[in-house]
Protein chains: 2
Amino acid sequence: MSVTIKDVAKKANVAPSTVSRVLSDSPRISETTKKRVRKIMEEMGYHLNINGRVLVRQSTQTIGIVMKDSATHSFENPFFSEILKGISEACHTRDYNLNLTTGESEETIFQDVVKMVQGKRVDGIIVLYSKKDDKVVPYLMEHDFPFVVVGKPLFGANKFMYVDNDNVEAAREATNYLIEYGHKDLGFIGGDLKFEVAKDRLQGFKLAAEQHGIDIQPESVQSIDLSDSVENGKEVVKKMMNSPRRPTGLVITDDYNGLTVMAALQEIQIKVPDDVSIIGFNNTMIAKLANPPLTTVDTNPYQLGYEASDGLINILHTPEMVKRGVIIPTSIVERDSCKPYSPGIKELDAN
Amino acid sequence: MSVTIKDVAKKANVAPSTVSRVLSDSPRISETTKKRVRKIMEEMGYHLNINGRVLVRQSTQTIGIVMKDSATHSFENPFFSEILKGISEACHTRDYNLNLTTGESEETIFQDVVKMVQGKRVDGIIVLYSKKDDKVVPYLMEHDFPFVVVGKPLFGANKFMYVDNDNVEAAREATNYLIEYGHKDLGFIGGDLKFEVAKDRLQGFKLAAEQHGIDIQPESVQSIDLSDSVENGKEVVKKMMNSPRRPTGLVITDDYNGLTVMAALQEIQIKVPDDVSIIGFNNTMIAKLANPPLTTVDTNPYQLGYEASDGLINILHTPEMVKRGVIIPTSIVERDSCKPYSPGIKELDAN
DNA sequence: CATATTTCTGAAATCGTTCTCATAAAATAA
DNA sequence: TTATTTTATGAGAACGATTTCAGAAATATG
């Protein structure tokens, strides 16, 4: 229906190949014919049909995004939105397109990936997580398909590119922050330990405690999960706070969970930061907007996404480039959810 | 490189057309050869290359998403994430793919759209806003390209499909909710009036006031915008709350703005809901997690997205289907940010 | 002026499918 | 048995670009 390269060619009295070359601004075509052909393209309302090009070039100029629980849960967390922002931005400046997986279960997501790869829908893939028993990364490796993961590789760290924070160090610093405020009863609320982030941050937490000779009550280390309901999360918090040696400082590995925790604390009348100090992770907009505003470690999710995207595109263009890891720095942004420990805290509880 | 339909054909001793028909499970091929060909496909590790199909079918099985300020700002708002969830889900069940625009300015977004349409990258488009002076919708109409908009059409309401809430009614109800709580000094904090949502909700607010003989101070109607900084938003709130007849009930047309307002109020020591009642819009997860939890009108963003997506796909399959609007119901979900008016409120301010 | 070189353009194959049309073989009807 | 219909498959032309190879024209070189 629409006007093709051939139509333009006919009208301009040139060969289709010439029109094609004009399209890609080949130096082998004289300026005069370029001008003429361009004018005719304009007149006829010609526009490149990308699919023809894709077929012969074997490149779609689009990159695929694989999310944890894909749409269903990931979108809930502003952290992923922020990463997506970074990815989107990088893609835009390099003129790439974005394709999202829409599967929800681990299995359907995997099938989406297979379709993307085998169907040659995308040139490369960004995997937004690093997780035990994951099938996606091994699959991509096996098929030698370009990809980068956001998170710490479980294996083959020098076989593919990854973008990550130093999560154990970040968690150590966050914990130290509480310790320096004088807190000695520390709690940790993390996520599903199948994910590397969760493991790393827990490790950092324990490391800090150890280095300061603080011992952690086993019941003060818990995890809540996006796929859990908010109610479940609240239960976890309440249980922890009802334990005999309840923590006065809490490290929570996600702002989103941070808000859940705050909501739970509110319900049992424990005040932040007066009764308990909490520090979150990611510095998403909800941390700023929380009440009280949440002290959090900024993991620069935007940059995480940007670097992943940019790195992937580089790999696509120059595959011989050494694959490597890039570590995005973290920093604590202080807001109002932490406070120096004061001995009175525990007594308040006695009421 | 990879194995094609022809390779399979050769090995199976059939014509490529036969393999193609096996692929689409055509009834014109006998079960025996189907079985045989399938087995060989399996053995050879054949997988359909979508691009070949796209070229001849002239259909990509993917739909494009156009966001307001695209990635940059839209992702910030959980409302859009929620819509995207709905879209994603609908696409998945119908086996469609998702393509996001990555442009940031109005102009680059428009170019993204042109590329999508002319380049035949997508079969249809979902426009996530309805806005004055927008070029995208007129462009799509002019090119007779299938699309649906989430929001109220500015024109040609029966020329294309749209999915929307009844925003004036929703705002009227929200306002009535405050009025029934006894609030007589009402404020409205909306968004950019270029968008239809914003206009509708303001209209509903005014309508409710009028119907109850309440008059609104001009300075009590303000708008803050995602593209503004949070600081600007806070200024607006503070100014409003410092006016002589400051409102005791606030209608805020987005949860996200609701949190900004709450943060501002916090700073000037005005308590929610004791000193001022506020009601938000959209019922995103941040409303639930806010402190205090935000009373809000649920616009069912997930369903908004789902219906838009589903509707678009229907249009693609049966274009003769009548284009129509679908209105998603709204409802108020009560939480803790509203409270009956008590005469003491204003005095407290005197301190 | 003849030859070598460079510059510009065209012809045609190709990418991986789909799909229309034709046809051989098998099944049914006469 | 012959004619007719049905069933199963194949041949080959698309779809809309790109790209290799080759050749004509223009320019430079001796």
Side-chain angles (χ1 to χ4, degrees), chain A residues 1-38 40-41 44-62 95 97 115-123, chain B residues 1-38 40-41 44-62 95 97 115-123:
Chain A
M1 293 308 100
S2 35
V3 19
T4 77
I5 226 176
K6 284 181 192 160
D7 302 325
V8 175
K10 201 174 290 174
K11 192 140 188 177
N13 259 316
V14 294
S17 41
T18 301
V19 179
S20 172
R21 281 189 271 250
V22 171
L23 235 32
S24 47
D25 200 21
S26 157
R28 318 186 39 150
I29 300 293
S30 69
E31 278 309 317
T32 54
T33 53
K34 270 186 192 173
K35 219 166 265 170
R36 190 160 54 86
V37 170
R38 289 213 183 96
I40 291 186
M41 294 200 300
M44 301 182 73
Y46 169 82
H47 199 285
L48 173 74
N49 179 322
I50 201 70
N51 302 122
R53 170 182 287 184
V54 161
L55 195 54
V56 18
R57 287 223 184 139
Q58 299 284 45
S59 145
T60 58
Q61 287 269 312
T62 105
D95 205 28
N97 282 83
K115 265 194 211 160
M116 278 181 171
V117 172
Q118 304 274 30
K120 302 212 176 10
R121 284 172 199 270
V122 300
D123 293 349
Chain B
M1 294 307 103
S2 36
V3 19
T4 77
I5 228 176
K6 283 181 193 161
D7 303 325
V8 175
K10 203 174 288 174
K11 191 140 190 177
N13 260 316
V14 294
S17 40
T18 301
V19 179
S20 171
R21 282 187 272 251
V22 171
L23 234 33
S24 48
D25 200 21
S26 157
R28 317 187 39 153
I29 299 292
S30 70
E31 278 308 318
T32 54
T33 54
K34 270 187 193 173
K35 218 165 268 171
R36 189 161 52 89
V37 170
R38 288 211 184 97
I40 291 186
M41 294 199 299
M44 301 183 73
Y46 169 82
H47 199 285
L48 174 75
N49 178 323
I50 200 70
N51 303 122
R53 169 180 288 182
V54 161
L55 195 54
V56 14
R57 287 224 185 139
Q58 300 283 47
S59 145
T60 58
Q61 287 270 313
T62 107
D95 206 27
N97 281 85
K115 265 193 210 161
M116 278 181 171
V117 173
Q118 305 273 30
K120 302 211 174 13
R121 285 174 198 268
V122 301
D123 292 349

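Since the model is a prediction, treat every value here as computed from it, not as a measurement. Order of the sequence lines sets the chain letters (A, B, ...), proteins ahead of strands, with each chain counted from 1. Computed from heavy atoms alone, side chains included, the values below leave out hydrogens, waters and symmetry copies.
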May I ask you to say what [X] touches in the nucleic acid, namely base, sugar-phosphate or nothing, with a heavy-atom cut-off under 4.0 Å?
X: A:Ser24; answer: nothing
X: A:Val54; answer: nothing
X: B:Lys6; answer: base
X: B:Leu48; answer: sugar-phosphate
X: A:Ser20; answer: base
X: A:Asn49; answer: sugar-phosphate
X: B:Val19; answer: nothing

[N] phosphate, OP1 or OP2, under 4.0 Å from [X] side-chain N/O:
X: A:Thr4; N: D:dG16; result: no
X: A:Thr18; N: C:dT9; result: no
X: B:Thr33; N: D:dT9; result: yes
X: A:Gln58; N: C:dG16; result: yes

Do the side chains of [Y] and [X] get nearer than 4.5 Å, heavy atoms only?
X: B:Asn51; Y: A:Thr60; result: yes
X: A:Gln61; Y: A:Ile50; result: no
X: B:Val14; Y: B:Arg21; result: no
X: B:Leu23; Y: B:Met41; result: yes

| query | Heavy-atom count around A:Lys34 NZ within 6.0 Å, excluding the residue itself: above 12? | reply |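 Yes - once you tally the heavy atoms of other residues, nucleotides and ligands closer than 6.0 Å, there are more than 12.
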| note | B/S/- along nucleotides 20-28 of chain D (protein heavy atoms under 4.0 Å) is B-B------
